[in-house]
Structures are given as structure tokens and as C-alpha cells.
Amino acid sequence: MLCSPVFQPSLGIPFAFNMPVRSLWPENRPIFIQMENERLRQMEERRRRVEFIDQVHQLLLKEVMNTDSATELSDSKSPSYKLEKDGNCFCLMLDTKDFLPEELTVKQVGRKLLVSGKHEKKDEARNGSYSYKYQEFRQELELPEDVQPDAVTCSFSNGQLQIEVPSLALPAVTERTVPISTSPAMKTQQERSAEEQE
């Protein structure tokens, strides 16, 4: 059978490479490249923002640590105290050096002492900024049984609040022998031995 040379493939170059293949759809490779570039750009922008926030945070932290106002913002811990008891007095000393006497309050409810203090201070600097210091404490203490709760006294000197309560005067102790009585059902050893001999 004889074929037309038009339909016979050429022996030198394959048919597929002689003609360029074109798609009916638009080429999608540039779209994916654009999307990837946009994603990388957004990630870089986020990284720069996080670095900026870290730098601002470090600056603020240094500023707060360098100023004394960082520790003065709020202090709610109770002041240190020392209890002393000698023969005729119970004494409590509180370290209240940051408070003025008019900022302290001592209340007594039965055998309980309620000590509190409140201090506010606002300092304004030349550049217009200011610092605010607020301190407050409350402390509750129980008086011992061997003191006179009606005779509590307080004094303030050199930043120390001193609370004194005199001890109760104990009556003089006299010595005496206390007799031991026995009931009729209980017999002493002497009574038992006397009965056994009889």
C-alpha cells in the first residue's frame, strides 16, 4: 500500500517538537510565583514588626528598671516587726519609716490589734512627667493572755511605731499543802493491810 508522504512522519525530528504546544488556559506559573512572593513579603513585614515590638519592650523595661518609681508604684507588703517580752511589758516594734504618724492607725478590738498605714505621694519632674507612690499595709496581731488589753500605748519615733502593753500583775504565790481526800469505796494501802491482819 502506498502512502502519501504528507502523512508519513519525518525520520529526523519527532512530530511533537516541530510544533509548539499551547494551552487553552492562561499560564498559571506566574500567578503562583506572585502569590509566593507576596507571602514572603508579608512574612518579612511581620518579622520586622516583631523585632520593633521587642526593641520597644526592651527600652521600656530598661527605663522602668533604671527608675526608682518602678518599685514605688504599689507596695502592699506589711512592714517588718519585732516582738519583745520582758517581765513587765509586751512590746511590738514595726518598721514604718515610709509613713508619717498621721498616716498610721492602730485599732483595738478585744485582744486584737489592727495596725494599718496608707501613704500617697506624687512627684512632678521639670519635664512634665510625674511619679506616683502608693503604699498601704494592714496587719492584725493577737495580744497574749497575760497582758492588760486596756492599757495599750503607741509611740512613733525614728520611723518606728512602738506598741506597748503592760503585763498583768500576778498575785503573790503562797505555799500550802493540799490534802488528798479518798472516797469510801477506795481504801488506802494501810486500811487494806489492817483488815488483812484482823
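Atom CG of L61 and atom CG of D54 lie 11.5 Å apart (nearest 0.5 Å). Separating the CG atom in L59 from the CD atom in Q55 is a distance of 7.5 Å, to the nearest 0.5 Å. Distance NZ/K82 to CD/Q162: 9.5 Å, rounded to 0.5 Å. Considering CD1 of I163 and OG of S155, their distance stands at 9.0 Å, rounded to 0.5 Å. For the atom pair CZ (R46) and CZ (R41), the distance works out to 9.5 Å, reported to the nearest 0.5 Å. Here F156 contributes atom CZ and L94 contributes atom CG; the two are 10.5 Å apart, rounded to the nearest 0.5 Å.
F52 and L60 end up in the same hydrophobic cluster when Ile, Leu, Val, Met, Phe, Trp and Tyr side chains are linked at under 4.5 Å. The cluster map of Ile, Leu, Val, Met, Phe, Trp and Tyr, joined by side-chain heavy atoms under 4.5 Å apart, puts M93 and F90 in different clusters.
Neither side chain, Q34 nor E38, offers a donor N or O lying under 3.5 Å from an acceptor on the other.
Scanning both residues, Q108 and V152, for their nearest heavy atoms gives OE1-CG2, 3.6 Å. Contact record, Q160 with T96: C-OG1, 4.1 Å, taken as the closest heavy-atom pair. Contact record, G110 with P149: O-CB, 4.1 Å, taken as the closest heavy-atom pair. In plain terms, the two heavy atoms of C91 and E164 that are nearest each other are SG-CG, 4.1 Å. Here the shortest heavy-atom pairing between L104 and G117 reads CD2-CA, 3.9 Å. The two residues Y134 and K118 come nearest to each other via the heavy atoms OH-CE, 3.2 Å.
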Checklist entry - Do D95 and K97 pass the side chain to side chain contact (heavy atoms under 4.5 Å, CB included) test, and can you show the C-alpha distance, the side-chain angles, and the key distance before you say yes or no? => result CA-CA 6 Å; D95 182 17; K97 63 182 175 229; 3.7 Å; yes

Next on the checklist: Run E136 and R138 through salt bridge (Lys or Arg N to Asp or Glu O under 4.0 Å) and show every step you take.
Outcome noted: CA-CA 7 Å; E136 182 175 3; R138 290 185 190 103; 2.7 Å; yes

Item to check | Derivation of the side chain to side chain contact (heavy atoms under 4.5 Å, CB included) call for L143 and L113 | outcome: CA-CA 7 Å; L143 292 175; L113 284 180; 3.8 Å; yes

Checklist entry - Going through the checks in order, is the salt bridge (Lys or Arg N to Asp or Glu O under 4.0 Å) test met by E51 and R47? => result CA-CA 6 Å; E51 286 178 359; R47 186 189 60 76; 2.4 Å; yes

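With hydrogens and angles disregarded, a donor-acceptor distance shorter than 3.5 Å links the side chain of R111 to the backbone of E145.
The environment of CG in N127 is crowded: more than 12 heavy-atom neighbours from other residues, nucleotides or ligands sit within 6.0 Å.
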